[in-house]
Protein chains: 2
Amino acid sequence: MTKIRLVVVDDHELVRKGILSFLLTEPDIEVVGEGKSGAEAIQLAKKHTPDVVLMDLLMENGNGIEATKVIVDTGLNSRVVILTSYYDEKEVIPALEAGAFSFLLKTSSAAEVVTAIRKAAKGESVIEPKVTNVMVKRLRHHEKKLHDTLTEREMDVLQCISEGMTNAEISEDLFIGIKTVKTHVSNILSKLSVADRTQAAVYANRNSISKPKKD
Amino acid sequence: MTKIRLVVVDDHELVRKGILSFLLTEPDIEVVGEGKSGAEAIQLAKKHTPDVVLMDLLMENGNGIEATKVIVDTGLNSRVVILTSYYDEKEVIPALEAGAFSFLLKTSSAAEVVTAIRKAAKGESVIEPKVTNVMVKRLRHHEKKLHDTLTEREMDVLQCISEGMTNAEISEDLFIGIKTVKTHVSNILSKLSVADRTQAAVYANRNSISKPKKD
DNA sequence: GGTTCTCTCCGTCTGTAGACGGAGAAAAAT
DNA sequence: ATTTTTCTCCGTCTACAGACGGAGAGAACC
C-alpha cells in the first residue's frame with residue numbers, strides 16, 4: 001500500500017511543526033512538501049501532485065481560498081483540506097465554493113486531523129459541525145443575500161451611504177442629480193427592507209460592503 | 001541553575017503540541033502545565049506559580065485577556081507572554097493594559113518564541129514589531145478614543161443609533177422623552193465630530209460599539 | 001456652600017430625508 | 001422587433017433630524 005502524499009501549508013511555523021510532529025507517528029502518511037503561503041501551496045501542489053493538501057485559510061501572502069481555487073481548477077488530483085482557526089462565515093462559504101474538500105478547525109484534535117486526511121485520500125469529505133451549522137444557516141436564512149438584488153448603481157450609492165455621506169455629497173461624488181440619488185436610496189431601502197439610510201449603513205457595514213478607495 | 005517553569009495555554013491542541021515539541025529540545029525550559037482556556041490558565045498559574053505563562057488570546061471558553069488580568073493581579077510572579085494569531089487592534093491594546101508582559105504573533109519562528117520565554121523569565125519584554133506599530137499608531141492618532149468622552153447615557157444612545165433605531169424608538173427603549181434623546185444625539189454628534197446619526201452609526205460599527213442583548 | 005457634570009425636558013426653526021407618482025432614454029434580454 | 005431593466009430626472013409633500021437656547025434636579029467634587 002502506497003503512502004498518502006501530503007503537502008502542509010500554513011504561515012505559522014509553530015502550527016506547521018506541530019502538525020508534522022504528529023504525522024511522524026503515522027506510517028501511512030508522508031509529508032512531501034511544506035509551504036507558508038498560497039503561492040507556495042500552488043507551486044508545491046504542481047511539483048509533487050500530492051493526494052492531499054492541508055491548508056490554512058488566512059495567510060500573510062496570498063490567501064488560501066485563491067490557492068484552493070487554482071489547485072482544484074488545474075485538475076491535479078489533489079484534495080484540499082482546509083484547517084483554519086475561525087469559523088468565519090465570510091471565509092467558509094467562499095472556501096467551499098473554491099472547491100475545498102474538507103473543512104476543519106484548529107480546535108480539532110490531532111487525531112481528527114489525521115482521520116480527515118485519510119478520509120480525504122479515500123474521497124470522503126469531513127466538515128466540522130460548526131461549519132455545517134453556518135452552511136445550513138446560510139441556506140435557510142439568506143439563500144440569496146438581500147443586496148444581491150441591488151443594481152450596480154445602487155451598490156455605488158449604498159457604498160456611499162455606508163460611509164455616512166449625505167444625498168448631496170453622493171450626488172457630487174457620482175456626478176448625478178440629488179433627485180436621482182433619492183430614487184436610488186428609496187429603491188435600496190426597499191430592497192434591503194430597512195426604514196432609513198442609517199439602517200442601510202449598518203447593513204452595509206455588517207455585510208462588509210464598503211467603498212473602494214480611489215487611487 | 002533552575003529551569004524556567006512554563007505553562008502553555010492554547011485551545012488549539014495542534015498549536016500546543018507544536019510548541020511542546022519544540023520546547024523538548026530546550027533543556028532550560030520545563031513545561032509544568034498545559035491548558036486550553038482562560039479558566040484553566042488561571043488554575044494552572046495558581047497551582048504551579050510558573051515563571052512564564054505562554055497564552056493564546058482568542059480561546060473558546062473565557063478569553064486570554066481576562067485570564068491575563070487575573071494572573072497579573074493575583075500577584076503570582078508569573079509573566080504572561082501572549083502568543084496570538086492576529087494583530088488585531090481591538091485585542092492588542094486591552095491585552096497590554098491587562099498586564100501582558102510580551103506579545104508575539106504565531107508567525108514568529110519557534111526560535112523567537114523560545115527566546116521570548118527566556119527573556120520574559122529574565123524580566124525583558126519582547127513586543128512584535130507589527131504590534132508596536134499598532135501601539136504607536138494608537139498613541140499618535142487616537143491618544144484617547146473619541147467616544148471616551150461620552151457619558152454613560154450617551155453611550156446607551158449611541159448603541160441604539162448603531163442599531164439603526166430612530167429617536168422615537170430610542171426614547172421608548174430607554175424610557176426617556178424624545179427631546180432628551182435629541183439632546184443626547186446632538187451631544188454625541190458633537191463629541192464624535194460627525195455630522196449626522198448615520199455617520200455616528202458608522203463610527204460605532206467601526207469601533208465595535210454595539211448594543212448588548214438584554215436577557 | 002458653591003461649582004461642575006449629568007440627565008432630564010421644553011420650544012422653535014430649518015433642512016434633509018424619504019414616500020409617492022410620473023417619465024424619458026439607453027441598453028439588454030426575449 | 002418588442003419588452004424589460006436600468007439609470008436618469010422632475011415635483012410635491014410629510015415627517016424626522018438636528019441646531020440652538022434655556023432650564024430644573026440630583027450627584028459629585030472642591
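Chain naming here is simple, since letters A, B, ... match the order of the sequence lines and numbering starts at 1 in each.
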Would you say A:Asn167 places a side-chain N or O within less than 4.0 Å of OP1 or OP2 belonging to C:dA17? yes
Report the distance from atom [atom1] of [X] to atom [atom2] of [N], rounded to the nearest whole Å.
X	N	atom1	atom2	value
A:Glu169	C:dT16	CD	P	11 Å
A:Asn187	C:dA19	CG	P	9 Å
A:Ile188	C:dA19	CD1	C1'	15 Å

Who passes side-chain hydrogen bond (donor to acceptor under 3.5 Å, both in side chains) against A:Thr180, sequence neighbours left out?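 Counting only residues at least two positions away or on another chain, A:Thr180 forms no side-chain hydrogen bond (donor to acceptor under 3.5 Å, both in side chains).
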Proximity to DNA chain C (any heavy atom under 4.0 Å), residues of residues 174-186 of chain B only: B:Ile176, B:Gly177, B:Lys179, B:Thr180, B:Thr183, B:His184
If you look only at distance, which donor and acceptor atoms sit under 3.5 Å apart when one is on a side chain in residues 153-168 of chain A and the other is two or more places apart or in another chain?
unit_1   : atom_1 : unit_2   : atom_2 : d
A:Arg153 : NH1    : A:Asp156 : OD2    : 3.3
A:Arg153 : NH2    : A:Leu174 : O      : 3.0
A:Glu154 : OE1    : A:Thr151 : N      : 2.9
A:Glu154 : OE1    : A:Thr151 : OG1    : 3.3
A:Glu154 : OE1    : A:Lys191 : NZ     : 2.8
A:Ser162 : OG     : A:Gln159 : O      : 2.7
A:Ser162 : OG     : A:Ile209 : O      : 3.4
A:Thr166 : OG1    : A:Glu169 : N      : 3.2
A:Asn167 : OD1    : A:Arg197 : NH2    : 2.2

Taking the nucleotide of DNA chain C with the closest heavy atom to each, which residue, B:Asp196 or B:Arg153, is nearer the 5' end? B:Arg153
Across all chains, not counting sequence neighbours, the salt bridge (Lys or Arg N to Asp or Glu O under 4.0 Å) partners of B:Lys106 are B:Asp10, B:Asp56
For chain A, the stretch of DNA chain D it reaches, first to last nucleotide, under 4.0 Å of its heavy atoms: D:dT6 to D:dG11
Compare all side-chain heavy atoms of [X] with those of [Y] and state whether any distance is below 4.5 angstrom.
X	Y	answer
B:Val31	B:Ile19	no
B:Val126	B:Thr115	no
A:Thr84	A:Phe103	yes
B:Val181	B:Ile176	yes

According to salt bridge (charged side-chain N to carboxylate O under 4.0 Å, His left out), does anything in residues 37-54 of chain A pair up with another residue at least two apart or in another chain? List the pairs. A:Lys36-A:Glu40
